[in-house]
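Positions are given from 1, in the same order as the sequence printed here.
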Amino acid sequence: MYSPTNLEGVINLAIAENNLSNESLLRTVETKLSQAPLPHPITTYVGALGPFTNTLAAFLSKTLLKGRAETTNNNKDDKKDDNNASTPSPPSSSSPCVDPSHIVVGAGAGAILSMLAFSLCDPGDGILLPTPGYPGFDLDVEVLAAAKPVHFSILCDEDPRGVRLTPARLDAGLAIAAQRNIPVRAIIIPSPNNPSGCLFTAEEIKHL
């Protein structure tokens with residue numbers, strides 16, 4: 001396997017885990033804990049959710065909604081760091097913000113998808129899944145929720161990414177579900193796409 005001391009080693013792309021970052025993450029965690037030990041309440045399931053979701057909401061407001069906030073504030077409140085680099089200020093009352101109560105935390109994407117399928121679907125309802133795709137999504141929606149995955153192709157030789165997501169392709173997926181008498185309740189759109197790695201554009205998502 002590849003490592004800093006084995007540059008000729010193999011990088012296994014079949015494992016969704018980056019072991020190369022472990023040492024860096026461990027050093028960061030150890031440094032942070034030495035500066036300020038974790039308060040006891042956030043080491044428990046219930047106590048951790050409040051502070052974590054609040055922090056996550058603030059982070060998403062400054063990053064995920066950064067473009068909207070900058071458009072609203074016209075970049076007036078950006079601050080400069082020691083290197084004279086612009087850093088986004090915390091969202092003002094007029095800026096779009098992520099509400100902490102709208103955030104649900106789960107043990108990984110698979111668990112979240114399983115909970116969403118269970119919440120949105122009755123047994124036998126369908127969830128559209130573009131292909132090529134990650135086969136684990138089928139289990140995520142089937143095992144707990146008893147939902148039915150409905151696959152539709154997004155392969156496209158004309159697109160340099162190899163895939164293309166369009167309303168016509170989505171309609172084709174809905175037609176497949178209709179032929180099987182499966183009512184569709186949701187669609188899973190992984191971006192970056194797995195396994196192609198391509199990102200779907202904002203325009204593609206809006207057109208759906």
Side-chain angles (χ1 to χ4, degrees), residues 12-19 21-22 25 29 38 41-61 63-65 98-155 162-200 202 204-208:
N12 187 354
L13 299 181
I15 299 177
E17 180 180 356
N18 183 4
N19 290 320
S21 64
N22 287 354
L25 289 172
V29 171
L38 291 175
I42 70 170
T43 62
T44 65
Y45 284 111
V46 177
L49 290 180
F52 179 71
T53 53
N54 289 337
T55 301
L56 184 58
F59 173 77
L60 293 174
S61 296
T63 54
L64 185 64
L65 302 182
V98 175
D99 189 334
S101 67
H102 294 169
I103 295 177
V104 176
V105 179
I112 290 291
L113 288 174
S114 180
M115 288 187 286
L116 281 173
F118 187 79
S119 300
L120 297 173
C121 300
D122 290 324
D125 286 347
I127 295 182
L128 293 180
L129 293 171
T131 59
Y134 174 55
F137 289 151
D138 289 37
L139 295 177
D140 292 335
V141 304
E142 284 181 309
V143 174
L144 178 64
K148 294 184 178 296
V150 179
H151 302 101
F152 66 99
S153 176
I154 57 172
L155 286 172
V163 296
R164 183 177 293 171
L165 189 61
T166 65
R169 291 172 184 268
L170 184 59
D171 288 341
L174 292 171
I176 293 172
Q179 291 173 359
R180 296 167 54 189
N181 294 317
I182 299 175
V184 173
R185 300 302 183 199
I187 176 174
I188 296 176
I189 306 175
S191 185
N193 174 261
N194 184 345
S196 73
C198 83
L199 288 166
F200 296 117
E204 284 179 299
I205 302 300
K206 289 178 182 177
H207 286 161
L208 295 181

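With rounding to the nearest 0.5 Å, the separation of CZ in R185 from CG in L120 is 9.5 Å. Going from atom CG of L208 over to atom CD1 of I187 covers 6.5 Å, rounded to the nearest 0.5 Å. Distance check, rounded to the nearest 0.5 Å: CG of L60 to OG1 of T55 gives 11.0 Å. Here the CG atom belonging to D138 is positioned 10.0 Å from the CD1 atom belonging to I127, to the nearest 0.5 angstrom. The NE2 atom of H151 lies 10.5 Å from the CZ atom of F137; values are rounded to the nearest 0.5 Å.
Nearest approach of P190 to P130, heavy atoms of both residues: CD-CG, 4.3 Å. A pairwise comparison of heavy atoms in N193 and P132 identifies ND2-O, 3.7 Å as the closest pair. Across every non-hydrogen atom of E142 and A147, the tightest pair is CG-O, 3.3 Å. When all heavy atoms of L155 and S153 are compared, the pair lying nearest together is N-OG, 3.2 Å. In plain terms, the two heavy atoms of D125 and P183 that are nearest each other are OD1-CG, 3.2 Å. The shortest non-hydrogen separation linking I182 to K148 is CD1-CD, 3.8 Å.
Panel note: side chain S61, backbone A57; a donor-acceptor pair is recorded below 3.5 Å. No donor-acceptor pair closer than 3.5 Å links the side chain of R164 to the backbone N or O of E204. The closest donor-acceptor contact from the side chain of T53 to the backbone of I103 lies at 3.5 Å or more, if one exists at all. Looking only at distances, a side-chain donor or acceptor of T131 sits under 3.5 Å from a matching main-chain atom of F152.
None of L170, L128, I205 except one satisfies the side chain to side chain contact (heavy atoms under 4.5 Å, CB included) rule with I189; the exception is I205.
For the pair L199 and P192, the minimum side-chain heavy-atom distance is below 4.5 Å. Contact annotation: the side chain of L129 never approaches that of Y134 to less than 4.5 Å [non-hydrogen atoms, C-beta and beyond].
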List the steps and the verdict of side chain to side chain contact (heavy atoms under 4.5 Å, CB included) for D140 and I188. CA-CA 11 Å; D140 292 335; I188 296 176; over 6 Å; no
Checking F200 against V163 for the side chain to side chain contact (heavy atoms under 4.5 Å, CB included) test, could you report, in this order, the C-alpha distance in whole Å, the side-chain angles of both residues, the deciding distance, and whether it holds? CA-CA 9 Å; F200 296 117; V163 296; 4.2 Å; yes
